[in-house]
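What follows is a short report on a single structure.
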Amino acid sequence: MTNFQVYKKTLPFSLVEFLFGLVGLALFAGAAALGYFVCKDKEPAVAIIGLIIGAVVGGLLATVISIFFSNRIKCAQIAMMTKGVTENSLPEHTYRAGLDEMKGKFGKITLFFLITSAIKGVFREVGRSTTKVGQAVGGDVGGSIASAVDTGVQILISYLCDCCLGWIFYRKDVNAFKAGCEGAVIFFKHGKTLIRNVGRIFGMGFLSFLVIAGATTGILYLIFNALPNLFISLRDTIASLGDVPAFLNDPKILMIVSAFIIGVIFWSIVHSVLIRPFVLVGVLRNYMAAGIKNMPTEADIKDLEKRSPKLARFAAKAE
């Protein structure tokens with residue numbers, strides 16, 4: 001199966017996750033707006049507090065949706081992607097098969113994400129050592145360059161953590177913690193092979209940001225222009241708080257800032273559930289091929305433990 005065929009067959013997962021993302025965003029924005037409007041006729045500080053409380057409540061509701069629904073969908077999607085790139089075939093009813101794969105495994109799904117979260121900590125731990133080496137070699141300039149490189153690596157790591165989750169599904173016959181350690185080894189042992197995905201990751205990400213965030217910001221700005229009183233009220237509320245940046249006293253600027261923030265949030269949702277999965281299929285294929293061709297060994301894990309105390313503690317749970 002080609003990357004596009006695997007992506008197309010697993011697209012229903014992305015669409016459902018996108019729906020959950022929109023619901024979460026609507027809850028967040030709606031709760032924040034409700035908190036503001038309930039308190040807007042009171043003291044300005046109270047109105048801002050109401051907005052913050054509403055945002056927190058909305059964020060908690062969105063988190064609950066993510067934990068109980070979105071994570072299951074994501075696990076099912078990565079499981080099917082892994083099957084597609086390793087077995088070169090997928091069931092006819094891929095969505096149903098993926099959900100069946102995750103049926104009754106809420107505890108395991110939570111465990112999978114805890115493991116990949118721990119592995120992400122290992123990646124970051126080793127990445128910070130790269131920054132220290134850069135500083136030792138080139139002082140502040142070397143450290144800045146290493147930090148810039150590390151920032152890019154962190155984005156790559158988010159993909160590799162999903163690949164690590166795929167490896168755990170592939171190695172279902174072994175302890176999940178051990179499979180997670182093997183997943184970390186694959187990244188560090190085959191970094192040169194996997195790094196070729198960087199151009200695809202950043203290129204697609206930048207292009208989607210320009211198109212999606214740009215278009216959303218423009219459309220929302222036009223909508224906000226039809227609601228001038230809302231932003232005049234918001235401007236007055238902010239101004240009454242005391243010393244604030246001058247640009248926040250302009251309702252037009254507030255429209256642009258608000259439109260841009262929402263545009264970026266909307267882009268992050270669209271990119272993560274519609275565009276990122278297509279990129280992930282290619283990264284996952286290279287990752288799985290590297291791991292299967294050169295299966296990580298106990299010696300590989302022990303060698304990596306020397307560089308990462310976190311991995312050593314993590315590996316102990318596999319015994």
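- Without hydrogens or angle criteria, T10 side chain to Y7 main chain gives a donor-acceptor distance under 3.5 Å.
- Remark: side-chain polar atoms of Q5 are paired, donor with acceptor, to backbone N or O of T2 under 3.5 angstrom.
- Partners of K172 according to the salt bridge (Lys or Arg N to Asp or Glu O under 4.0 Å) rule, which considers only residues two or more places apart in sequence or in another chain, are E101.
- Counting heavy atoms from C-beta on, the side chains of K74 and F13 never come closer than 4.5 Å.
- Closest heavy-atom contact between A184 and C164: N-SG, 4.5 Å.
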Report, one line per pair, each donor and acceptor closer than 3.5 Å where one atom sits in a side chain of residues 265-279; sequence neighbours left out.
{"from": "W267", "atom 1": "NE1", "to": "S208", "atom 2": "OG", "distance (Å)": "2.9"}
{"from": "S268", "atom 1": "OG", "to": "I265", "atom 2": "O", "distance (Å)": "2.5"}
{"from": "H271", "atom 1": "ND1", "to": "S208", "atom 2": "OG", "distance (Å)": "2.8"}
{"from": "S272", "atom 1": "OG", "to": "S268", "atom 2": "O", "distance (Å)": "2.8"}
{"from": "S272", "atom 1": "OG", "to": "I269", "atom 2": "O", "distance (Å)": "3.0"}
{"from": "R276", "atom 1": "NH1", "to": "D162", "atom 2": "OD2", "distance (Å)": "2.6"}
{"from": "R276", "atom 1": "NH2", "to": "S158", "atom 2": "O", "distance (Å)": "3.0"}
{"from": "R276", "atom 1": "NH2", "to": "D162", "atom 2": "OD2", "distance (Å)": "3.1"}

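- Panel note: side chain T216, backbone I212; a donor-acceptor pair is recorded below 3.5 Å.
- Every pair tested for salt bridge (Lys or Arg N to Asp or Glu O under 4.0 Å) that includes a residue from residues 26-35 fails, sequence neighbours excluded, so the list is empty.
- Under the 4.5 angstrom side-chain criterion for Ile, Leu, Val, Met, Phe, Trp and Tyr, the cluster partners of L207 are V211.
- For E92, the salt bridge (Lys or Arg N to Asp or Glu O under 4.0 Å) criterion is met by no residue, not counting sequence neighbours.
- In terms of the ring-ring contact (aromatic ring centres under 6.0 Å, His included) criterion, F260 has no residue partners (sequence neighbours excluded).
- A donor-acceptor pair under 3.5 Å is absent between the side-chain atoms of R72 and the main chain of L99, judged by distance alone.
- By the ring-ring contact (aromatic ring centres under 6.0 Å, His included) test, Y221 pairs with no residue at all, sequence neighbours left out.
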Give the C-alpha distance, both sets of side-chain angles, the deciding distance and a yes or no for side chain to side chain contact (heavy atoms under 4.5 Å, CB included) between L165 and Y170.
CA-CA 9 Å; L165 184 56; Y170 176 75; over 6 Å; no
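- For R285, there are no salt bridge (Lys or Arg N to Asp or Glu O under 4.0 Å) partners two or more places apart in sequence or in a different chain.
- Under a 4.5 Å side-chain heavy-atom cut-off, the cluster of Ile, Leu, Val, Met, Phe, Trp and Tyr residues that includes L34 is completed by V38.
- With sequence neighbours excluded, no residue forms a ring-ring contact (aromatic ring centres under 6.0 Å, His included) with F28.
- With sequence neighbours excluded, no residue forms a salt bridge (Lys or Arg N to Asp or Glu O under 4.0 Å) with E17.
- Not one N or O on the side chain of K8 forms a donor-acceptor pair closer than 3.5 Å with the backbone of N3.
- Note that OG1 of T82 is 10.0 Å distant from OH of Y287, once rounded to the nearest 0.5 Å.
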Return a table of donor-acceptor pairs under 3.5 angstrom between the side chains of residues 45-58 and protein atoms on other chains or two or more places apart.
none

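- For the pair R171 and E182, the minimum side-chain heavy-atom distance is below 4.5 Å.
- Side chain of D303 to backbone of D300: no donor-acceptor contact under 3.5 angstrom is found.
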